[in-house]
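Note: hydrogens, waters and symmetry copies are ignored here, and every other heavy atom, side chains too, is used. In listed order, ligands and their atoms are each counted from 1.
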Amino acid sequence: MTDSVVMTEMNYSPDRPKAANPVKIQDLSLRDGHQSLFATRGRTEDMIPVAEMMDEIGFWAVETWGGATFDTMHRFLNEDPWERLRTLKRYFRKTPFSMLLRAQNLVGYRNYADDVARAFVDRAVANGMDIFRTFDALNDYRNFETVVDQIKKNGKHFQGCMCYSMTEPRMGGEVYQLDYYVGKARELEAMGADSICIKDMAGLIAPYDAYQLVKTLKAAVKPPIHLHSHFTSGMAQMSQLKAIEAGVDILDTCMTPYAFRTSHPAIEPLVMALLGTSRDTGFDIRKLANINEVLEKQILPKYKHLLDDSKISVIDINVLLHQTPGGMLSNLVNQLREMDALDKIDDVYKQLPRVRKELGQVPLVTPTSQIVGVQTVNNVLYDTPEERYQMITAQVKDLCYGLYGKTAIPIDPDVQKKALKGYPRGEEPITCRPAEVLEPELEKARKDIGELAADTDDLLTYALFPVTGKKFLEWKYGRAEAPASVKPITLEQVRKTDALVKKAKAGELVEKKTDAPAKSERLRTFNVFVDDEYFSVEVDPTGEVPAVVVPVAAPASAPRAVATAPAPVAAPKAAAVTAPAADVGGTKLAAPMPGLIIRYLKNVGDQVAKGEAVVVLEAMKMENSLTAPCDGVIKAIGFKSGDTVAKGAALCVIG
Ligand code: CO
């Protein structure tokens with residue numbers, strides 16, 4: 001086998017002789033492709049039209065499952081995730097299936113108990129899964145142990161991932177240098193990895209680093225090396241080519257309509273780039289073009305409304321500047337905007353490396369990117385010169401306890417101590433495999449869901465997603481009607497909308513509706529100012545009027561000024577409340593950020609000490625325990641679990 005790429009004979013016909021060492025290709029269109037570009041909304045019915053054609057290409061594997069597909073399908077598409085595997089398997093008769101498995105997190109967002117993990121792998125295999133691409137956000141392979149054992153018991157392919165992460169503009173630095181990755185690859189080889197994947201989820205790997213890394217790994221370990229690199233920063237195609245020159249075995253690509261932006265390089269240019277070389281894929285470019293034709297005309301129009309067209313650039317230069325995933329950066333901006341603190345973004349960028357280091361220099365991938373990002377914002381907004389980490393999220397506490405696994409470097413001892421003060425599981429962090437502290441879950445789930453789960457697949461859907469999984473099973477078995485929002489849209493609907501938009505843009509949309517509904521008493525008038533121009537707009541809400549909490553001054557007698565009023569008109573940010581437990585005398589605990597009340601830990605009349613946790617507020621999917629600003633008795637509580645509150649809302653009064 002030759003590493004270097006050499007030109008062979010100039011025979012480019014589809015039935016040309018096989019290259020000496022063809023690059024193997026995994027197609028990601030049906031999983032990471034639509035996950036990256038279309039919020040994972042791809043429906044099975046839109047995969048079937050190209051399935052048999054894709055089966056003819058000669059892909060090493062097609063990725064069909066995992067990541068967010070399981071979640072999105074049952075929650076937003078009213079589709080049974082297990083059924084998708086069985087259905088697609090009828091069309092893909094030759095090409096193996098692969099899935100992305102979040103190790104002990106399976107396809108969810110927390111560590112599940114071992115009994116759930118084993119049952120999940122068994123059922124994935126039974127429904128048609130062949131290759132398990134397994135990763136852990138901390139690269140802590142103890143989180144692999146249970147699932148890998150089960151994958152092997154089923155005789156299936158275990159692909160071990162190392163999450164590619166950086167702290168410097170190029171590979172190197174204190175943690176993520178060549179030795180780190182070689183060490184990880186050796187661990188994976190020792191675990192029996194059938195292949196090893198460099199999982200560059202943020203598109204950070206630079207071409208010459210890819211070359212050096214692949215070259216070194218090829219010499220250090222036996223399993224085939226697979227490169228997964230998102231296009232986000234614009235480097236992926238160059239990195240792929242350098243990886244090929246270094247001898248990479250397998251690459252990930254998408255069909256063109258599912259490629260680029262935050263997704264992956266397209267397959268078609270790669271096929272042409274390698275044509276007539278010793279690494280020629282052997283693929284027939286005309287067959288690929290036929291697939292694209294179907295996707296472009298019959299399928300993707302249904303999804304284009306989901307494409308993020310807020311930016312003209314197809315790449316994210318910030319990723320190159322901050323070595324941080326693009327999705328994480330946009331989350332930070334959104335979070336700051338929500339708190340009216342967008343002017344602090346540079347402080348956040350500056351603090352991010354410090355907070356990440358204090359939290360153990362973790363790779364930045366879901367969920368660790370969110371954990372580090374939100375904590376950094378909290379620090380920038382709430383820390384004082386005297387005291388840092390004023391507000392620590394529940395997830396940072398879990399990380400400090402060891403619930404996610406072992407961090408790349410030890411967590412800063414002061415931060416860890418502060419985070420674990422009063423932590424319910426204990427103030428002493430664990431060092432064992434995290435799932436060891438979890439009780440079996442399957443039997444309890446079986447009892448809870450009862451006969452609504454007809455088989456083990458249903459039971460697992462419920463065990464993984466108790467709230468939305470149960471709702472889905474109710475739709476599936478006709479116990480409840482699925483809402484219109486989960487139904488697919490048709491090509492016909494898309495054409496109608498397009499025609500309307502075209503007409504409107506051309507200024508031809510002048511016909512006035514003569515059967516306009518009468519204006520109701522809920523009508524509100526808004527003045528909209530655009531530079532010097534001003535428009536008066538009348539807004540009349542239709543349908544059910546939800547009960548809302550209105551930010552009115554509370555009467556002195558009522559601690560909870562909650563009113564139901566028929567005026568939830570599109571007043572921006574009016575849904576959240578600021579002044580509830582108002583006029584009760586005492587010290588107010590004010591919401592430091594807008595968010596959702598998860599629960600109160602104290603009741604009216606309870607004695608609290610300064611610094612004691614009183615209420616848990618969720619913001620940006622992270623839970624924050626808010627503590628009493630002084631000693632005293634809770635005199636009033638402003639809200640209840642599930643309420644949305646604005647920044648500054650008086651959550652309770654202590655006196
Ligand atoms: Co990916």
Query raised in the report: Under 3.5 Å, is there a donor-acceptor pair linking the side chains of His34 and Asp46?
Result: no
Query raised in the report: Out of Arg279, Lys218, Lys24, which one pairs with Asp249 under the salt bridge (Lys or Arg N to Asp or Glu O under 4.0 Å) rule?
Result: Lys218
Query raised in the report: Which heavy-atom pair separates Ser239 from Leu227 by the least distance, and what is that distance?
Result: O-CD2, 4.2 Å
Query - Aromatic ring pairing Tyr109/Phe465, orientation class (parallel under 30°, perpendicular over 60°, tilted between) - result: perpendicular
Requested in this report: Mind listing the protein N/O/S atoms less than 2.8 Å away from the Co ion (ligand 1)? Waters don't count.
Outcome: Asp32 OD2, His228 NE2, His230 NE2
**Report entry** Side-chain donor-acceptor contact under 3.5 Å, Thr44 with Glu79
**Finding:** yes
Query raised in the report: Roughly how far, to the nearest 0.5 Å, is OH of Tyr404 from CG of Asn111?
Result: 8.5 Å
